[in-house]
Novice: 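Structure below; questions to follow.
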Amino acid sequence: MARYIFVTGGVVSSLGKGLSSASLAYLLQSRGYKVRLRKLDPYLNVDPGTMSPFQHGEVFVTDDGAETDLDLGHYERFSGVTAKKTDNITTGKIYSDVLRKERKGQYLGKTVQVIPHITDRIKEFIKHDTHKEDFVICEIGGIVGDIESLPFVEAIRQFSNDIGKKNALFIHLTLVPYLKASDEIKTKPTQHSVKELRSIGIQPDIIICRSERPIPLDHRKKISLFCNVDIKNVIETVDVKTIYEAPISFFNQKLDIQVLNYFKLKSKKPANLNPWKKITQITLNTKRHVNIAIIGKYVELKDAYKSLDEALTHGGISNNLKVNLVRIDSEKLKVSEIKNKLKNVSGILIPGGFGKRGTEGKIEAIRYARINKIPFLGICYGMQMAIIEFARNQLKIKKATSSEFDKGGVQIIGLMHEWEKSGRKVKGTDKDLGGTMRLGSYDAILKDKSKIRDIYKSRLIKERHRHRYEVDISYKEKFEKKGLIFSGLSPDHKLPEIIELKNHPWFIGVQFHPEFKSRPLNPHPLFSSFIKAAKNQK
Ligand code: GLN
């Protein structure tokens, strides 16, 4: 049976529970164990699919089509284990499952209650769909003490009791602040947070203390004493310069060894930190850099394009250089300013997006990249905008648009049923926004002798999608005559998946999100190639 590691947070949010869980997963894997990572989110949305990136950061998409918390992206990037639908649950999902069952009368007349019905459903989820893993690491979103997270904390308490305490480990991550004015490190918030956790029945086995500077031994002793945790299990995590240092830092702090000791397990092989050391070295020490513009609606929030930022960094790693991201708010981008704002960038990227706001600035920026032969990558919405730009300026279809934001005009981008009359199944309706998109991994067939084929070195690729609208395939010939090739199609040849410009050093649009599959130890070829093109541009 799998052993379960539960990771809770205290004092404040955003301490890096996801990254800590992901780093621990890597270390345990590296020591020869099979690991799975899961996230339990206390909010009421059924999934983050309908949440604004301003609120919650990026929505991460799994191969099997789940819209999930961005922490699953960290998990995949650090552990290499492909996340699944069953790896992220929310209070909203739990309640909707329970209420559906209640409406069907499946509780046989009983009063349906948080305990045991909600907690039972949470416990089912924690155990569900596991496959001979040695460890399942479950991160609980939010912080201990939040009203919303109570049922989850109660459920994991019960769960550890059900499977036996020796099979369950509680890690609590807290903040140990440094007060500049008094030049002191404070352990009190940690003590309080652990007290809170204990009041709901959980005694942490390991405390990870996040701090901006090293925590002196006597302070760690204090935490050990007041929180009733062995000093060896009071682990500090001092701010790292790059996230790739996190596994190295936890290894140095012996987090993985303490976890194995708890379960009375031995390391099957020595942990290998060399790949992380190598990329940390590149990330921190490379002097050369390229500037890449990201023109999007959510650029002000750091986490809104998390996987994308990461994938670009990975592209830099594989080219041995740093990628400076120049974030440009598409809503504020005036057409007259484009030249000035883009004059120092070697590559332009338009990420995924929704709705009309900011589209005209994006379209103009694409025109600028096309004409000035600046490497361009359009992702999902970015590809759709590139299609509109080309249609307007090269095919002279002045009213070219997408039905997503314009009900008139010539809708070259639209819902499939808007342009297909053959009775193919309609993918979504306008009634319910949750779960009506083309989501998850789909195949694409790449054209012989195309740039994209050269980049992927394969005829068949699988990439993750998250969109409702598609480029109307019936325009293919018109575009191709003018030099914009549809170089990747769905296997039935009905959906354009990739476009590229013939007479341009590097101009590619993809209907999918390649960023979700890039990993620091295995950068995505599309990003490596894009950054290489940008490098050659300088
Ligand atoms: N809004 C566009 C669509 O739904 C693009 C979505 C995206 O970029 N992820 O098709």
Side-chain angles (χ1 to χ4, degrees), residues 47-54 56-63 65-68 70 73 294-299 301 303-309 311 330-331 348-363 365-366 376-389 391 400-407 409 411-420 426-442 444 463-473 475 488 490 494-499 508-517 526:
D47 61 42
T50 53
M51 280 158 99
S52 158
F54 280 128
H56 199 67
E58 154 192 286
V59 174
F60 186 76
V61 179
T62 59
D63 268 350
E67 297 177 280
T68 72
L70 58 77
I294 299 188
I295 307 176
K297 216 159 70 173
Y298 309 111
V299 286
L301 187 89
D303 278 351
Y305 300 110
K306 190 76 207 158
S307 296
L308 187 60
D309 295 355
S330 54
E331 287 190 61
I348 296 174
L349 190 148
I350 312 273
F354 293 84
K356 186 173 172 62
R357 282 182 292 145
T359 47
E360 292 308 317
K362 286 181 190 172
I363 291 171
I366 296 169
F376 167 80
L377 175 57
I379 293 181
C380 204
Y381 205 56
M383 161 169 145
Q384 297 174 359
M385 293 305 111
I387 283 282
I388 293 179
E389 188 281 314
T401 190
S402 163
S403 68
E404 176 170 1
F405 51 82
D406 194 350
K407 295 299 165 206
Q411 297 172 355
I412 297 186
I413 325 283
L415 293 169
M416 258 169 56
H417 65 104
E418 288 170 347
W419 49 264
E420 194 184 59
V426 176
K427 290 253 153 54
T429 71
D430 290 338
K431 287 193 191 106
D432 193 351
L433 286 181
T436 57
M437 288 195 258
R438 183 146 83 106
L439 282 169
S441 181
Y442 284 84
E463 290 283 7
R464 296 182 195 172
H465 290 244
R466 180 174 185 251
H467 57 104
R468 290 191 184 84
Y469 296 84
E470 310 273 358
V471 177
D472 186 342
I473 190 77
Y475 286 89
S490 58
K494 292 194 171 175
L495 303 172
E497 293 275 8
I498 301 162
I499 57 165
I508 292 178
V510 292
Q511 187 56 78
F512 46 79
H513 290 271
E515 68 271 27
F516 292 139
K517 284 176 76 167
L526 200 50

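We count ligands from 1, going down the list as the structure has it; atoms in each ligand are counted the same way.
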Novice: Does ligand 1 have an atom that lies less than 4.0 angstrom from a heavy atom of Gln384?
Specialist: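 In this structure, Gln384 qualifies as a contact of ligand 1 - some heavy atom is under 4.0 Å.
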Novice: Between Lys297 and Phe354, is there a donor-acceptor pair closer than 3.5 Å when you use the side chain of the first and the backbone of the second?
Specialist: yes
Novice: For a 4.5 angstrom cut-off between non-hydrogen side-chain atoms, does Glu463 reach Glu497?
Specialist: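 No, every pair of side-chain atoms sits at 4.5 Å or beyond.
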Novice: Among Arg466, His467, Met385, whose heavy atom sits nearest atom 9 (N) of ligand 1?
Specialist: Arg466
Novice: Measure the distance from atom 4 (O) of ligand 1 to every protein heavy atom, then report the residue, atom name and distance (to 0.1 Å) of the closest one.
Specialist: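 The protein heavy atom lying closest is Arg468 N, 2.9 Å.
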Novice: In the protein, which heavy atom is nearest to atom 10 (O) of ligand 1, and how far is it?
Specialist: Tyr469 N, 2.8 Å
Novice: Indicate yes or no: does an N/O atom of Gly355 lie under 3.5 Å from an N/O atom of ligand 1?
Specialist: no
Novice: How close does the nearest protein non-hydrogen atom get to atom 2 (C) of ligand 1, and which residue and atom is it?
Specialist: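 Minimum-distance protein heavy atom for atom 2 (C) of ligand 1 reads Glu404 OE1, 3.2 Å.
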Novice: Kindly confirm or rule out an N or O of Gln511 lying under 3.5 angstrom from an N or O of ligand 1.
Specialist: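 No.
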Novice: Check ligand 1 against His513 and write out every atom of the ligand that is under 4.0 Å from a heavy-atom position of the residue.
Specialist: 9 (N)
Novice: Does any N or O in the side chain of Arg466 come within less than 3.5 Å of the main-chain N or O of Gly49, such that one atom is a donor and the other an acceptor?
Specialist: yes
Novice: Sub-3.5 Å donor-acceptor pair from the side chain of Tyr381 to the main-chain atoms of Gly355, do we have one?
Specialist: yes
Novice: For the rings on Phe516 and Phe60, is their centre-to-centre separation under 6.0 Å?
Specialist: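 For Phe516 and Phe60, the ring centres are under 6.0 Å apart.
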Novice: To which protein heavy atom is atom 6 (C) of ligand 1 closest, and what is the distance rounded to 0.1 Å?
Specialist: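 For this ligand atom, the closest protein heavy atom is Gly353 O, 3.3 Å.
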Novice: Give the residue, atom name and distance (to 0.1 Å) of the protein heavy atom nearest atom 7 (C) of ligand 1.
Specialist: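 The closest heavy atom on the protein side is Cys380 SG, 3.0 Å.
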Novice: Which pair of non-hydrogen atoms, one from Pro48 and one from Thr68, has the smallest distance, and what is that distance?
Specialist: CG-C, 3.3 Å
Novice: Quick one: does Glu389's side chain have a donor or acceptor within less than 3.5 Å of a partner on Ala365's backbone?
Specialist: no
